[in-house]
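Below, chains carry the letters A, B, ... as their sequence lines are ordered, and counting in each starts from 1.
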Number of protein chains: 2
Amino acid sequence: MFNLASYLPYLVNRIGVRLAGAFGKELAAYGITLPMWRVLAALRQRGGQRVGRLAEATSIEVSTLSRLLAGMERRGLVRRERASEDARSVLVELTQAGARLIQRIIPQALHYEDVALRDFDRADAEALKDMLVRVYDNIGALEEEGLEKARRSA
Amino acid sequence: MFNLASYLPYLVNRIGVRLAGAFGKELAAYGITLPMWRVLAALRQRGGQRVGRLAEATSIEVSTLSRLLAGMERRGLVRRERASEDARSVLVELTQAGARLIQRIIPQALHYEDVALRDFDRADAEALKDMLVRVYDNIGALEEEGLEKARRSA
DNA sequence: TATTGTTATACTCTATAACTATA
DNA sequence: TATAGTTATAGAGTATAACAATA
């Protein structure tokens with residue numbers, strides 16, 4: 001009736017734990033944490049962006065992100081400044097040091113993906129990723145439905 | 001060269017964050033946390049077991065698990081006693097209250113899986129789970145290789 | 001000595017809400 | 001009033017190491 005070992009949330013969680021443990025230790029050698037790595041990667045890819053957008057891109061809570069950015073700014077990895085168009089927002093950008101650091105780490109990160117997918121051919125790897133995107137979207141849709149239900153009953 | 005949005009560890013992590021957020025809130029209504037739910041589910045499925053084995057089954061650190069179990073014991077959900085065969089180990093079991101609670105929660109848990117896989121047919125869902133198991137094993141193999149490398153160089 | 005758990009400490013992430021600054 | 005971020009606080013998880021009990 002219920003089997004933990006084939007329960008999707010559990011399967012996803014244990015991979016997350018294992019990856020975070022392994023890659024996190026490697027990142028420690030560079031003096032950064034896993035959330036910091038995600039911030040650097042998101043900034044590298046999509047360029048400077050507002051804090052809110054960065055929170056979505058990295059799946060990190062805004063308040064958590066704010067303190068994380070403060071630490072990264074102290075370490076000279078990112079720069080924050082009020083946006084000119086809408087002075088309520090804050091624009092976050094990579095510094096040169098941050099850009100250099102993420103560039104050095106990317107090969108390590110790709111190595112982890114290679115290992116995780118070592119016995120997958122390219123088509124299967126793509127299929128897996130596509131399915132994971134669908135799963136993510138499905139859960140997001142659930143949340144929105146939940147919110148609407150809450151709104152209707154309020 | 002590097003795309004966060006198609007990077008496997010990121011795809012897995014964001015699903016984990018989203019699921020933990022949604023299901024965790026539901027569990028709060030029952031007065032338990034997500035790690036507690038995993039402990040209850042593991043105990044229900046494989047019966048009473050040692051703390052170490054429970055740690056593996058749930059992907060929770062032993063020291064974290066120990067304190068978690070202390071709280072669950074205070075709440076009357078589990079029972080701990082020294083194992084008779086090897087008195088170094090501690091056997092953890094569900095109490096009747098714990099068994100009743102997990103039984104009530106299982107339908108909710110299954111609902112989350114249904115939503116996450118809402119647009120998957122049965123074969124695709126199975127394929128996805130099989131791939132996730134392989135990914136988990138691959139990363140585990142990496143860790144062991146890393147340990148061996150460390151051993152050899154030590 | 002090695003193994004199984006427990007406990008202690010310091011650190012990080014989360015949830016929540018109060019607060020600041022804009023709009 | 002509403003939105004974007006920041007800050008504060010309390011709670012929970014993690015890493016590490018010291019410790020207790022047993023083998």
Figure out the [atom1]/[atom2] separation between [X] and [N], and round it to whole Å.
X: A/E81; N: C/dA21; atom1: CD; atom2: C1'; value: 16 Å
X: B/R38; N: D/dG13; atom1: CZ; atom2: C1'; value: 11 Å
X: A/E85; N: C/dA23; atom1: CD; atom2: P; value: 10 Å
X: A/M72; N: D/dT6; atom1: CE; atom2: P; value: 13 Å
X: B/L91; N: D/dT22; atom1: CG; atom2: C1'; value: 16 Å
X: A/L65; N: C/dA15; atom1: CG; atom2: C1'; value: 16 Å
X: B/K25; N: D/dA12; atom1: NZ; atom2: P; value: 17 Å

(message) Return whichever of A/S66 or B/S84 has its heavy-atom-nearest nucleotide of DNA chain D closer to the 5' end.
(response)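 Here A/S66 is the residue nearer the 5' end.
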(message) With a 4.5 Å cut-off on side-chain heavy-atom distances among I, L, V, M, F, W and Y, is there a chain of contacts connecting A/V133 to B/V12?
(response)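 Yes, one cluster joins them.
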(message) Against the six-membered ring of B/F2, is A/R44 placed for a cation-pi contact (under 6.0 Å from the centre, within 45° of the normal)?
(response)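 Geometry flag: not set, cation outside 6.0 Å or 45°.
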Short side-chain to backbone donor-acceptor contact, [X] and [Y], under 3.5 Å:
X: B/E85; Y: B/A83; answer: no
X: B/R75; Y: B/G31; answer: yes
X: B/R82; Y: B/R88; answer: yes
X: B/T95; Y: B/L77; answer: yes

(request) Could you tell me whether A/K129 and A/E113 make a salt bridge, using a distance below 4.0 angstrom between a side-chain N and a carboxylate O? (result) yes
(message) Below the 4.0 Å mark, does C/dT6 have OP1 or OP2 next to a side-chain nitrogen or oxygen of B/R80?
(response) yes
(message) Quick check on the 6.0 Å ring-centre criterion: do A/Y112 and A/W37 meet it?
(response) no
(request) Provide the closest heavy-atom pair for A/L132 versus B/I15 in the form atom of the first, atom of the second, distance. (result) O-CD1, 3.3 Å
Report all interatomic pairs (protein N or O, nucleotide N or O of nucleotides 10-14 of chain C) with separations under 3.5 Å.
| from | atom 1 | to | atom 2 | distance (Å) |
| --- | --- | --- | --- | --- |
| C/dT14 | OP2 | A/T64 | OG1 | 3.3 |

I'd like a list of close polar pairs between nucleotides 1-4 of chain C and the protein, N/O only, cut-off under 3.5 Å.
| from | atom 1 | to | atom 2 | distance (Å) |
| --- | --- | --- | --- | --- |
| C/dT3 | O4' | B/R88 | NH1 | 3.4 |

